[in-house]
Amino acid sequence: ISKRRAKSITAILHEKISNFVNKNAERSAEFNRLQIENDMVNSFFDSINKMSDSFTFSFIEELKQRST
């Protein structure tokens with residue numbers, strides 16, 4: 001029996017951000033204006049105040065949905 005390795009919160013958030021941005025060209029364009037330094041997750045949350053309200057609200061709604 002192999003044990004499944006749990007993903008880190010950073011890995012999960014990286015996946016969630018990537019999926020969210022890739023779903024919509026408008027979101028992708030807004031996201032691409034960010035300066036990503038070192039780690040995308042930290043850069044994303046450090047710059048969330050630079051994103052539009054629409055982007056932020058949509059991202060939060062996406063996080064609230066359960067993964068299937």
Side-chain angles (χ1 to χ4, degrees):
I1 300 173
S2 67
K3 289 186 177 182
R4 195 170 165 185
R5 189 171 185 207
K7 290 183 183 179
S8 70
I9 188 67
T10 302
I12 293 168
L13 286 170
H14 183 91
E15 209 171 89
K16 293 276 189 183
I17 293 166
S18 295
N19 290 340
F20 175 74
V21 170
N22 291 328
K23 281 184 182 179
N24 183 310
E26 180 183 324
R27 302 288 181 226
S28 181
E30 187 169 356
F31 177 78
N32 288 332
R33 289 188 296 236
L34 290 179
Q35 179 112 14
I36 304 297
E37 298 175 13
N38 299 323
D39 166 3
M40 180 183 73
V41 174
N42 286 326
S43 293
F44 178 81
F45 285 105
D46 287 346
S47 302
I48 197 77
N49 62 323
K50 297 177 185 173
M51 308 306 277
S52 69
D53 290 345
S54 162
F55 181 99
T56 304
F57 180 78
S58 295
F59 179 71
I60 291 168
E61 288 301 310
E62 177 105 0
L63 285 178
K64 288 172 27 179
Q65 294 177 5
R66 294 190 115 185
S67 298
T68 54

Legend entry - Shortest non-hydrogen contact between Lys23 and Glu62, atoms and distance: NZ-OE2, 2.7 Å
Legend entry - Shared hydrophobic cluster, Ile17 / Leu63 (ILVMFWY, side-chain heavy atoms < 4.5 Å): yes
Legend entry - Asn38, CG: over 12 other non-hydrogen atoms inside 6.0 angstrom: no
Inset, instruction - Check the angle between the aromatic planes of Phe59 and Phe20 and answer parallel, tilted or perpendicular using the 30° and 60° thresholds. - result: perpendicular
Legend entry - Neighbour count >12 (heavy atoms, 6.0 Å) for atom CD, Gln35: no
Inset, instruction - In sequence, state the C-alpha distance, the side-chain angles, and the governing distance for Phe31 and Asn24, and then conclude on side chain to side chain contact (heavy atoms under 4.5 Å, CB included). - result: CA-CA 11 Å; Phe31 177 78; Asn24 183 310; over 6 Å; no
Inset, instruction - Would you give the length of the straight line joining atom CG of Asn19 to atom NE2 of His14, rounded to the nearest 0.5 angstrom? - result: 9.5 Å
Inset, instruction - Determine the sole option in Ile36, Leu34, Asn42 for which the side chain to side chain contact (heavy atoms under 4.5 Å, CB included) test with Ser47 is passed. - result: Leu34
Inset, instruction - Please answer whether the main-chain N or O of Phe55 pairs with a side-chain N or O of Ser52 as donor and acceptor at a distance below 3.5 Å. - result: yes
Legend entry - Verify same cluster id: Ile9, Ile48 (apolar side-chain graph, 4.5 Å): yes
Legend entry - More than 12 heavy atoms of other groups within 6.0 Å of Phe57 CZ: no
Inset, instruction - Apply side-chain hydrogen bond (donor to acceptor under 3.5 Å, both in side chains) to Glu26 and list each qualifying residue two or more places apart in sequence or on a separate chain. - result: none
Inset, instruction - Report the C-alpha separation of Leu13 and Phe44 in whole Å, then their side-chain angles, then the decisive distance to 0.1 Å, and conclude whether the side chain to side chain contact (heavy atoms under 4.5 Å, CB included) test is met. - result: CA-CA 10 Å; Leu13 286 170; Phe44 178 81; over 6 Å; no
Inset, instruction - Kindly check if the number of other-residue, nucleotide or ligand heavy atoms within 6.0 Å of CG (Asp53) is above 12? - result: no
Legend entry - Within-4.5 Å side-chain heavy-atom neighbours: Glu30 and Met51: yes
Legend entry - Those residues that, when tested against Thr10, pass side-chain hydrogen bond (donor to acceptor under 3.5 Å, both in side chains) (two or more places apart): none
